[in-house]
Amino acid sequence: MPALASHRKPRTRMRSTAPAVGLTSAALASVTLLSSQSAMAAPAPKPSIEEVQKKVDDLYRQAGTATQKYNQAKEATDQQKSKVDTLLDDVAKRTEKVNDARRTLGNYAAAQYRNGGLAPTATFFLADDPQSFFDQTHLMDRMAERQQQAVANFRTQQAKVSKQRAQAVESLETLTESQATLRTSKQNVQTKLTEARTLLSKLTAEEKARLAELERKKEAEAKRKAAELAKKQAAARKEAEQKAKESGSSGTETGSGSGSDTGSGSSASTKAEKVLAFARAQIGKPYVWGATGPASYDCSGLTQAAWKAAGVDIPRTTWDQVNVGTRIATADLQPGDLVFFYDDISHVGIYKGDGMMIHAPKPGANVREESIYYMPIYGSVRPA
C-alpha cells in the first residue's frame, strides 16, 4: 500500500536580519554621540587682553610698513609718469623735425622732376652759352650736396624718433608696473587696518577699559624712561658747560642731546628751531596714511614737511630718510633729529628734547608729543 503524502506544510526558512539592524543602529548611535561630543567641545580660548594689545600693535606696525611701501610706490609712479610725459613731448618734437626733413626732401624731388633729369651732354648743347652751362652745373652740384645733407638729416631724425618711441614704450610699461605695485600696497594697508579695527570692535566695554589701562601703563613706563634720558642729558650738558668754563672756551657747542646748543646763531640750531616750530604747529592734525599735509600727515610725511620748512629736502619714506645726514646715538639726540622705530624702520618721529618727540602715530590718532620709548628704537639721524 503506497505511503500517504504528508499534509504538513513544509517549513520555510526565514532569514533573520536582526543582527544587521542592530549593527546599523549601533553605528548611527556612535555617529550621533561623536557629533554631540564635537558640538559640546569647548570653543577656542578667547585671547587675553595682553594678546589683543600685542596683536593690534603688530597690525598697526604692519600697516605702517605697508604705508611706507605705498609711499615708495607712489613716489616711483610719480617720477615715472613725469619721465613718460617728457619722453612723449620729445617724441612729438622729434616727429615734427622728421616731418620738416621729409618736406625738404619732397621739395628737392619736385625740383628734380621739373628739370627733367637731362644728361650733362644734352644740357651743354641746349645751353645758350658754355658759361651758363657751367653755372647751372655748379648750382646743381650744390643742390645735390644739400639734398644729400637733407637725406642724412632725415635719416638721423627718423632714427632718434624710433629710439625715443622705444624708450617711451618701455617707460610706459614700467609705469604700469609701478601703478600695479601702488594698488597692491594700498590694498595691504587697508587690509591690516580693517583687521585691527575688527579685532577691537569685538571687545566688550570691560575689555576695552582693561586695554586702555594697559596703554596707560605702557605710556607711563615710556615717560619714565624719557625722564631718565632727560636727566642724563642735563647732567652731560652741565658737565660740558663746566669744562668749557674751565678751559675758557665758553662758545663751544656741546654734543649732548639735551636739546640745547651753546653755539650762538649756528645754522644747525636755526634749522632745528624751524623744524620744531613747524612740527608743533601740526599737533592735533589727524594721521592719514600716504598724506603729506597740510591737513593731515603720515609719520614720514610729517618729518619730510618739517625739514622742508627749514629749507632742507629729505626723501619721502622712512627707509630713505634713515640714510640721510649723520647717525646719532640716542644719548646724543638734539631737537630736530629724526628717531626711527622697529626693526623694519616703519615709523619715524622728530625729537624735541627731554626724551620726547613729535610724531604722527597711527590711523585714528592725531599728531602729538610722546616719549621716544613708546616704541622700540631702531636708530636716529641728524639730517643737516
Side-chain angles (χ1 to χ4, degrees), residues 60-83 174 177-178 181-182 184-185 188-189 229 253 255-257 259 261 266-276 278-279 282 287 289-293 297-353 355-362 367 370 372-384:
Y60 277 129
R61 184 190 62 75
Q62 291 176 32
T65 303
T67 296
Q68 294 307 313
K69 288 181 180 178
Y70 170 85
N71 293 339
Q72 191 178 54
K74 188 176 187 305
E75 190 174 43
T77 299
D78 292 343
Q79 290 174 353
Q80 197 62 34
K81 188 176 184 303
S82 177
K83 183 179 178 181
T174 304
E177 292 174 1
S178 297
T181 302
L182 185 63
T184 301
S185 298
N188 288 341
V189 174
L229 177 62
E253 179 181 332
S256 69
D261 184 348
S266 74
S267 175
S269 177
T270 302
K271 288 176 181 176
E273 288 171 2
K274 290 180 179 179
V275 169
L276 280 177
F278 179 90
Q282 312 315 308
Y287 175 104
W289 62 271
T292 56
Y297 298 89
D298 64 17
C299 65
S300 57
L302 176 63
T303 53
Q304 183 187 46
W307 270 98
K308 188 174 184 179
V312 179
D313 289 326
I314 62 175
R316 175 67 180 91
T317 69
T318 54
W319 302 322
D320 291 327
Q321 289 180 7
V322 76
N323 294 318
V324 171
T326 307
R327 293 299 291 267
I328 302 296
T330 301
D332 297 329
L333 283 168
Q334 292 182 4
D337 291 346
L338 301 182
V339 186
F340 298 87
F341 302 91
Y342 302 111
D343 290 340
D344 59 358
I345 322 174
S346 56
H347 192 73
V348 61
I350 302 168
Y351 190 69
K352 68 174 288 289
M356 303 294 287
M357 66 177 170
I358 299 173
H359 71 142
K362 60 185 178 182
V367 176
E370 199 152 47
I372 62 172
Y373 293 103
Y374 186 76
M375 295 166 283
I377 297 173
Y378 173 83
S380 307
V381 301
R382 186 167 299 149

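- Of all the heavy atoms in Thr317 and Gln68, the pair that sits closest is CA-OE1, 3.3 Å.
- One finds the OG atom of Ser346 at 11.5 Å from the OH atom of Tyr378 (value rounded to the nearest 0.5 Å).
- Residues passing the ring-ring contact (aromatic ring centres under 6.0 Å, His included) test with Trp307, sequence neighbours excluded: none.
- Atom NZ of Lys271 sits about 14.5 Å away from atom CG of Leu276, to the nearest 0.5 Å.
- In this structure, Thr318 contributes its side chain and Ile345 its backbone to a donor-acceptor pair below 3.5 Å.
- Listed by chain and residue number, Asp85 satisfy the salt bridge (Lys or Arg N to Asp or Glu O under 4.0 Å) test with Lys81 (two or more places apart in sequence, or in another chain).
- The two atoms that bring Asn71 and Gly290 nearest to each other are OD1-CA, 3.4 Å, heavy atoms only.
- A salt bridge links Arg316 to Asp298: at least one charged side-chain nitrogen sits closer than 4.0 Å to a carboxylate oxygen.
- In terms of heavy-atom proximity, Gly336 sits nearest to Ala272 at CA-CB, 4.5 Å.
- Side chain of Thr67 to backbone of Ala63: a donor-acceptor contact under 3.5 angstrom is found.
- The structure places CE of Met356 at 9.5 Å from CD1 of Ile372, a figure rounded to the nearest 0.5 Å.
- Annotation for Val381 and Ile328: closest pair C-CG1, 4.2 Å, computed over non-hydrogen atoms.
- Here the CD1 atom belonging to Ile350 is positioned 4.5 Å from the CG atom belonging to Leu302, to the nearest 0.5 angstrom.
- Distance OG/Ser380 to CG/Asp337: 7.0 Å, rounded to 0.5 Å.
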Take Leu338 and Ile314 through the side chain to side chain contact (heavy atoms under 4.5 Å, CB included) test and state the conclusion after the steps. CA-CA 11 Å; Leu338 301 182; Ile314 62 175; 4.1 Å; yes
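- By the 6.0 Å contact criterion, NZ on Lys362 is enclosed, its count of non-hydrogen atoms from other residues, nucleotides or ligands being greater than 12.
- The side-chain hydrogen bond (donor to acceptor under 3.5 Å, both in side chains) check on Gln321 picks up Thr303, with sequence neighbours excluded.
- A distance of 12.0 Å separates CD in Glu370 from CD1 in Ile358, rounded to the nearest 0.5 Å.
- Between the Trp319 side chain and the Asp344 main chain, a donor and an acceptor come within less than 3.5 Å of each other.
- Within the 4.5 Å cutoff, the side chain of Asp78 has no heavy atoms near those of the Ser82 side chain.
- Taking both residues in full, the closest heavy atoms of Tyr287 and Ala360 are given as CD1-O, 3.4 Å, listed atom of the first, atom of the second, then distance.
- Taking each heavy atom of Phe341 and Met357 in turn, the nearest pair found is CZ-SD, 3.5 Å.
- Looking at Tyr70 and Lys74, their side chains come closer than 4.5 Å, going by heavy atoms from C-beta outward.
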Check step by step if side chain to side chain contact (heavy atoms under 4.5 Å, CB included) holds for Leu333 and Thr330. CA-CA 5 Å; Leu333 283 168; Thr330 301; 4.1 Å; yes
